[in-house]
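Written out below as structure tokens is the structure these notes cover.
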Amino acid sequence: MSEGYMEKALLKLAKQLNAYDEASLTELWNKYEAEVAAFEPTRKWEEAAVVFGMIQAVRLKNQLFNYHWAQTAGPEAMSPRPDFIPGKGEDELFGSKSKGSGGSAGGSKGSKVIRLKPRKDS
């Protein structure tokens, strides 16, 4: 069964994005977080939201990788990141503004996560 055109395009984007290190992408996090927070009904805002989502996806992928790597290596090799532990609630997992400095589990300004919720249609 051959992959569809859209899936091939998405896999190509994923391979390209995965080639960048998280530190380089994190440098852009604040810029795109600010653009997404300042909503405008424009194509530019939509593209910024997609870029922001891709940066977040790489960060999540790295957290998942580190967690699973720690599980396979055993507790003596390394422990999972304290900000990514299965079974924790969303606020514990990503931090919340009520927890103090910067609103994140790690304490750095660039590590907060914008909570997205579906619209409630009446």
Side-chain angles (χ1 to χ4, degrees):
M1 177 183 254
S2 71
E3 297 171 354
Y5 175 77
M6 188 178 299
E7 186 174 3
K8 285 183 181 180
L10 289 171
L11 287 170
K12 183 178 178 182
L13 284 170
K15 287 176 186 175
Q16 290 173 332
L17 192 58
N18 205 31
Y20 296 108
D21 64 299
E22 183 180 355
S24 298
L25 292 170
T26 300
E27 290 178 15
L28 295 172
W29 194 95
N30 287 330
K31 174 186 177 181
Y32 285 97
E33 186 268 340
E35 286 186 32
V36 170
F39 174 74
E40 296 177 3
T42 63
R43 174 72 73 186
K44 182 180 176 187
W45 181 89
E46 290 179 10
E47 290 169 355
V50 171
V51 169
F52 184 67
M54 290 189 297
I55 294 168
Q56 289 291 90
V58 170
R59 295 173 76 186
L60 176 61
K61 182 264 309 176
N62 289 341
Q63 288 180 342
L64 287 168
F65 181 91
N66 291 340
Y67 172 76
H68 288 292
W69 183 263
Q71 293 297 305
T72 61
E76 66 282 347
M78 70 169 103
S79 61
R81 291 177 54 161
D83 59 341
F84 186 76
I85 300 173
K88 295 249 182 186
E90 186 179 65
D91 287 343
E92 290 176 286
L93 184 62
F94 294 115
S96 70
K97 294 214 182 254
S98 63
K99 286 191 174 181
S101 70
S104 67
S108 72
K109 182 178 179 185
S111 64
K112 64 183 174 182
V113 174
I114 293 177
R115 186 173 300 165
L116 303 176
K117 297 180 183 177
R119 284 188 233 163
K120 293 182 181 178
D121 296 331
S122 34

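Nothing fancy with the numbering, it's 1 onward along the sequence.
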Side-chain contact test, heavy atoms from C-beta onward, threshold under 4.5 Å: evaluate it for [X] versus [Y] and give yes or no.
{"X": "Gln63", "Y": "Arg59", "value": "no"}
{"X": "Leu17", "Y": "Leu25", "value": "yes"}
{"X": "Ile55", "Y": "Leu28", "value": "yes"}
{"X": "Glu47", "Y": "Val51", "value": "no"}
{"X": "Tyr20", "Y": "Val58", "value": "no"}

Looking at Val36, is its backbone amide N or carbonyl O close enough to the side chain of Trp45 to form a donor-acceptor pair, meaning the two atoms are under 3.5 Å apart?
yes
Using modelled atom types and a 3.5 Å cut-off, is there a donor and acceptor pairing between side-chain atoms of Asn66 and backbone atoms of Asn62?
yes
State plainly whether one hydrophobic cluster holds both Phe52 and Phe39, where clusters connect Ile, Leu, Val, Met, Phe, Trp and Tyr through side-chain heavy atoms under 4.5 angstrom apart.
yes
Out of curiosity, Glu35 CD to Thr42 OG1, how far, rounded to the nearest 0.5 Å?
9.0 Å
Between CD of Gln56 and OG1 of Thr26, what distance do you get to the nearest 0.5 Å?
9.0 Å
Pair Glu46 + Arg43, salt bridge at N-O below 4.0 Å:
yes
Please determine whether the number of non-hydrogen atoms from other residues, nucleotides or ligands lying under 6.0 Å from atom NZ of Lys61 exceeds 12.
yes
